[in-house]
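Only one structure is covered here, and it is reproduced in the block below.
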Amino acid sequence: MKTKQDIRDLQRRVRQLEHSHNVWTTVVTAIAVTMAFCAITSTYTEHKLRQQVKACSNMVENIK
């Protein structure tokens with residue numbers, strides 16, 4: 001009987017580990033997606049700011 005109980009305990013532990021693994025996989029995936037979104041957003045923002053600076057520089061040059 002002890003062996004059957006040990007097997008049940010191991011099966012329960014495996015299920016707990018699988019659940020924990022799934023949670024961590026979800027967390028890491030969410031962090032990776034957030035980081036990718038931030039990188040894309042910052043690159044786009046930098047591009048737009050550079051365009052605005054260039055446009056302002058051109059306006060200044062035209063005024064001169």
Side-chain angles (χ1 to χ4, degrees):
M1 285 299 175
K2 176 136 177 58
T3 304
K4 287 183 179 181
Q5 181 62 40
D6 290 342
I7 291 171
R8 281 195 293 273
D9 289 344
L10 287 172
Q11 288 171 335
R12 187 177 81 254
R13 182 68 184 136
V14 166
R15 282 193 302 275
Q16 289 172 342
L17 287 172
E18 286 173 343
H19 175 73
S20 177
H21 173 74
N22 290 340
V23 169
W24 277 112
T25 300
T26 302
V27 169
V28 169
T29 301
I31 291 169
V33 168
T34 302
M35 289 175 65
F37 176 77
C38 290
I40 291 167
T41 302
S42 66
T43 301
Y44 176 77
T45 303
E46 180 187 12
H47 173 69
K48 284 297 183 185
L49 287 174
R50 287 187 188 275
Q51 283 181 333
Q52 290 177 355
V53 167
K54 188 173 181 178
C56 289
S57 295
N58 289 341
M59 285 174 42
V60 169
E61 288 298 319
N62 289 340
I63 292 171
K64 289 181 183 178

List the residues meeting salt bridge (charged side-chain N to carboxylate O under 4.0 Å, His left out) with [X], not counting sequence neighbours, and say none if there are none.
{"X": "Glu46", "answer": "Arg50"}
{"X": "Arg15", "answer": "none"}
{"X": "Lys2", "answer": "Asp6"}

Quick one: do Asn22 and Glu18 satisfy side chain to side chain donor-acceptor pair (under 3.5 Å)? Show the steps, please. CA-CA 6 Å; Asn22 290 340; Glu18 286 173 343; over 6 Å; no

Under the side chain to side chain donor-acceptor pair (under 3.5 Å) criterion, do Arg8 and Gln5 qualify, and how do the steps go? CA-CA 5 Å; Arg8 281 195 293 273; Gln5 181 62 40; 3.1 Å; yes

Which donor-acceptor pairs under 3.5 Å do side chains of residues 32-42 form with protein atoms, sequence neighbours excluded?
unit_1 : atom_1 : unit_2 : atom_2 : d
Thr34  : OG1    : Ala30  : O      : 2.8
Thr41  : OG1    : Phe37  : O      : 2.8
Ser42  : OG     : Cys38  : O      : 3.2
Ser42  : OG     : Ala39  : O      : 3.0

Between CH2 of Trp24 and OG1 of Thr29, what distance do you get to the nearest 0.5 Å? 12.5 Å

I'd like a table of donor-acceptor pairs (distance under 3.5 Å, sequence neighbours excluded) in which one partner is a side-chain atom from residues 52-61, with atom names and distances.
unit_1 : atom_1 : unit_2 : atom_2 : d
Ser57  : OG     : Val53  : O      : 3.0
Asn58  : ND2    : Lys54  : O      : 3.4

For Asn62, all residues meeting side chain to side chain donor-acceptor pair (under 3.5 Å), sequence neighbours excluded: none

